[in-house]
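Predicted model, so just to flag it, every value in this text is computed and none were measured.
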Amino acid sequence: EKEPMLAARITVEDSLRLLLDVDDIDRFLQSSQPQDNSFQLKRRRQVLLEGLATSLQLVDPFGPNKPGHSGGLAPKDDLIFLRIVSLPKGRKLLARYLRLVSGSELTRIVCMAVFRHLRSLFGGLPSDSSAAETTIGLAKTVSSCVHHMELSALSACLAAVVCSSQQPPLRPLGSAAGDGASLVIKSVLDRATELLADPHSAANYSRSARSLWQASFDAFFGLLTKYCDSKYESIVQRFAMQGSSSMGGPETTKAVSREMPVELLRASLPHTSEQHRQTLLDFARKSMHVPGFSPNASRGHVNSESVPG
């Protein structure tokens, strides 16, 4: 067990040194006048970044070695990646790498790996303040990258959440236990809303691209509502076991507001169908005291005044 983790630490150190070479190339390109060797330097930069993806053993489900199997990854495919990101320095490496590859196809590959393992990465904040800050920083970096993605990459990231063998920690934003998973998923939903609401950008997407997004969203929405229903039932059970007579009262309201991912439900609304909205309405009727819900959800919006910030 010690040897694989030692290998992971060595990989992290080697990778950080490689990123210093990329930084040097970037500084040279930014500080000097265009020269004959600028193309070679940019090509060198790309080769270094692609080499790092190989070192991290980042698997592209849509790559040539995985034809047509977006969810057909074997458990061992991400083993090296998981060992690396289990280390605080590995998470810092991943955040730096994402900033350097932002806007490229490598961004999608890295982000898909992140979305496949939201529980491993954001299941809880480390007790060490520095490690916790690194984890929060990684979530913010992923979120920033998502804000520059096109619809196909967003579809792939949301599909990665659904295809994961792990239940993502869908907590409210601001949760003391950590909200990294909800933050990055909300970024995907918000970016898709932005793209599809803009007539100019929306016109550029084919029917197949829109269908892929809708299929990914439908699967995610099913996962989200199942989670919310299960979470609500667990809260009800908890109060029942405590012999509480305040079901539906302020204590239950506080418990639900602390644990229900209202922001994700709200961010989902622009992409919902009539059937989805009926599901939300049914849930709202069952839990009228839940902050952020109202029967108006059936008409496509959530009562934002009562949504916790």
Side-chain angles (χ1 to χ4, degrees), residues 115 118-119 122-123 139 142-143 146-147 151 154-155 157-164 166-197 213-238 247-248 250 252-309:
F115 280 91
L118 291 175
R119 180 159 293 280
F122 306 117
V142 173
S143 179
V146 165
H147 285 141
L151 195 62
L154 297 173
S155 302
C157 287
L158 206 55
V161 177
V162 178
C163 293
S164 173
Q166 305 171 319
Q167 166 69 48
L170 304 177
R171 303 188 184 106
L173 296 186
S175 169
D179 61 2
S182 294
L183 177 69
V184 297
I185 293 173
K186 183 177 182 296
S187 297
V188 170
L189 297 169
D190 288 344
R191 174 60 174 165
T193 299
E194 177 188 347
L195 292 176
L196 294 174
W213 164 255
Q214 197 60 51
S216 296
F217 173 78
D218 289 349
F220 169 73
F221 188 78
L223 183 150
L224 175 62
T225 51
K226 184 178 178 181
Y227 173 86
C228 288
D229 199 53
S230 175
K231 177 62 69 176
Y232 176 74
E233 293 300 333
S234 71
I235 293 171
V236 170
Q237 271 192 351
R238 190 165 70 233
M247 280 308 304
T252 312
T253 300
K254 288 178 183 177
V256 172
S257 67
R258 283 195 305 268
E259 300 179 43
M260 201 68 70
V262 176
E263 296 90 352
L264 289 180
L265 289 165
R266 185 170 57 186
S268 296
L269 286 173
H271 309 285
T272 53
S273 64
E274 191 61 39
Q275 183 179 356
H276 294 145
R277 288 189 286 276
Q278 185 60 49
T279 300
L280 287 177
L281 179 59
D282 292 343
F283 184 77
R285 283 172 175 160
K286 183 172 71 172
S287 52
M288 287 297 291
H289 58 276
V290 178
F293 285 95
S294 81
N296 289 331
S298 65
R299 294 196 290 272
H301 67 275
V302 168
N303 179 7
S304 60
E305 291 182 2
S306 57
V307 174

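- Between S182 and L264, the shortest heavy-atom distance links the atoms O-CD2, 3.5 Å.
- Checked against ring-ring contact (aromatic ring centres under 6.0 Å, His included), F122 has no partners two or more places apart in sequence or in another chain.
- When all heavy atoms are compared, the tightest approach of D179 to G174 is OD2-N, 2.7 Å.
- Residues that satisfy the side-chain contact (heavy atoms from CB on, under 4.5 Å) test with L223, not counting sequence neighbours, are Q167, P168, L170.
- Judged as a side-chain contact (heavy atoms from CB on, under 4.5 Å), and not counting sequence neighbours, the contacts of T193 are P270, H271.
- Taking both residues in full, the closest heavy atoms of P169 and G123 are given as CG-CA, 4.0 Å, listed atom of the first, atom of the second, then distance.
- Salt-bridge formation is not detected for the pair E263/R266: no Lys NZ or Arg NE/NH1/NH2 atom is positioned less than 4.0 Å from an Asp or Glu carboxylate oxygen.
- Partners of S143 according to the side-chain hydrogen bond (donor to acceptor under 3.5 Å, both in side chains) rule, which considers only residues two or more places apart in sequence or in another chain, are S187.
- Applying the ring pair (Phe, Tyr, Trp, His ring centres under 6.0 Å) definition to pairs two or more places apart or across chains, none involves residues 172-195.
- Looking at every heavy atom in both residues, L195 comes nearest to L151 through CD1-N, 3.7 Å.
- Note on residues 224-233: pairs passing salt bridge (charged side-chain N to carboxylate O under 4.0 Å, His left out), not counting sequence neighbours, are D229-K286, K231-E259, E233-K286.
- For residues 168-188, no pair satisfies ring pair (Phe, Tyr, Trp, His ring centres under 6.0 Å), with sequence neighbours left out.
- I185 contributes atom CD1, which lies 5.0 Å from atom CG of L118 (distance to the nearest 0.5 angstrom).
- Across all their heavy atoms, S268 and F220 have their closest contact at OG-CE2, 4.2 Å.
- Remark: L158 CG to W213 CH2 distance equals 5.0 Å, nearest 0.5 Å.
- Sorted by first and then second residue, the salt bridge (charged side-chain N to carboxylate O under 4.0 Å, His left out) pairs with a member in residues 181-190 read K186-D190; sequence neighbours excluded.
- T272 contributes a side-chain N or O that, together with a main-chain N or O of L269, makes up a donor-acceptor pair within less than 3.5 Å.
- Side chains of C228 and L265 form a contact here, defined as non-hydrogen atoms less than 4.5 Å apart.
- Looking only at side-chain heavy atoms (C-beta outward), F115 and V146 come within less than 4.5 Å of each other.
- For T279, the side-chain hydrogen bond (donor to acceptor under 3.5 Å, both in side chains) test picks out no residue, with sequence neighbours left out.
- With sequence neighbours excluded, the residues satisfying side-chain contact (heavy atoms from CB on, under 4.5 Å) with Q214 are F217, D218, H276.
- Side chains of D282 and Q278 form a contact here, defined as non-hydrogen atoms less than 4.5 Å apart.
- In this structure A177 satisfies the side-chain contact (heavy atoms from CB on, under 4.5 Å) test together with R171, S175, sequence neighbours excluded.
- In this structure, the side chain of T225 engages the main chain of G222 through a donor-acceptor pair within 3.5 Å.
- Shortest non-hydrogen contact noted between P261 and L224 is CG-CD1, 4.0 Å.
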Subject >> F221 vs L189, side-chain contact (heavy atoms from CB on, under 4.5 Å): CA-CA, chis, key distance, verdict >> reply: CA-CA 11 Å; F221 188 78; L189 297 169; over 6 Å; no
